[in-house]
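What follows is one structure encoded as structure tokens, with my remarks underneath.
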Amino acid sequence: MNRRDFLNTSTKIACACALGGTSGLVTSCFSITSSESEDTTGISLEFDLASNDYLPLQSEGGSVTTGSNEIDSNGLLLLREADKIKAFTNNCTHSGYDLLPFSNGTSTCSSGHGGRFNSDGQAISHPASGTLKSYSTSLLDNILTVYGG
């Protein structure tokens, strides 16, 4: 093999290797774990707000996150507003990381990349975008019911 053929071949191999490695990084940045494909219609979960894990939901602006469950494999992000409680997927729309409970009406992505969401689940800072998936809820005394769908 002459020098020109060697350089031509080795350059193509180096570029292919570099692109292969880079595509993994780019893919990981943009891969979003989504609960959109889960059909949880007809499933409901009850949470007792008197239990220690959910005590913050007894106060206005209180917020907690749950672990994976039958309604959302990413868990739920819950927020108390007056006499109702909102339920969202606990999954950043940009990176798929968990979200931190709401504080002063804002939930922040746990990855530290700056994504934030308002109390309606709408992205309010990049790189997050769009709106968090939300779930219907009902509250009777201290029992919160979250409905899949």
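No experiment lies behind these values; they were computed from the predicted model shown.
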Whether the side chain of [X] engages the backbone of [Y] through a donor-acceptor N/O pair (distance < 3.5 Å, no angle test) should be reported.
| X | Y | answer |
| --- | --- | --- |
| Asp72 | Leu76 | no |
| Gln58 | Leu49 | yes |
| Ser125 | Gly114 | yes |
| Thr137 | Ile85 | yes |

Taking all non-hydrogen atoms of both residues into account, name the closest pair between [X] and [Y] and its distance.
| X | Y | result |
| --- | --- | --- |
| Ser63 | Leu77 | OG-CD1, 3.9 Å |
| Thr131 | Asp120 | CG2-O, 4.0 Å |
| Ala128 | Cys92 | CB-SG, 4.3 Å |
| Phe102 | Ser107 | CD2-N, 3.5 Å |

Open item on the list: With a sphere of 6.0 Å drawn around OH of Tyr147, does it hold more than 12 non-hydrogen atoms of other residues, nucleotides or ligands?
Closed with: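 Yes, OH of Tyr147 has more than 12 neighbouring heavy atoms, counting only those of other groups under 6.0 Å.
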Open item on the list: According to salt bridge (charged side-chain N to carboxylate O under 4.0 Å, His left out), who are the partners of Glu70, at least two apart in sequence or on a separate chain?
Closed with: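 If we apply the salt bridge (charged side-chain N to carboxylate O under 4.0 Å, His left out) test to Glu70, skipping adjacent residues, there are no hits.
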Open item on the list: Please enumerate all residues that pass salt bridge (charged side-chain N to carboxylate O under 4.0 Å, His left out) together with Asp53, with sequence neighbours excluded.
Closed with: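 Once residues adjacent in sequence are excluded, Asp53 has no partner under the salt bridge (charged side-chain N to carboxylate O under 4.0 Å, His left out) criterion.
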- [ ] Give a yes-or-no answer on whether the side chains of Thr41 and Asp39 include a donor-acceptor pair shorter than 3.5 Å.
- [x]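 Yes, a side-chain donor-acceptor pair sits under 3.5 Å.
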Task: Residues Glu81 and Lys86 bridged, charged N to O under 4.0 Å - done: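 Result for this pair is yes, salt bridge flagged.
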Open item on the list: Under the criterion side-chain hydrogen bond (donor to acceptor under 3.5 Å, both in side chains), I'd like the reasoning laid out for Ser129 against His94: C-alpha separation, chi angles, the key distance, then a yes or no.
Closed with: CA-CA 7 Å; Ser129 63; His94 165 256; over 6 Å; no
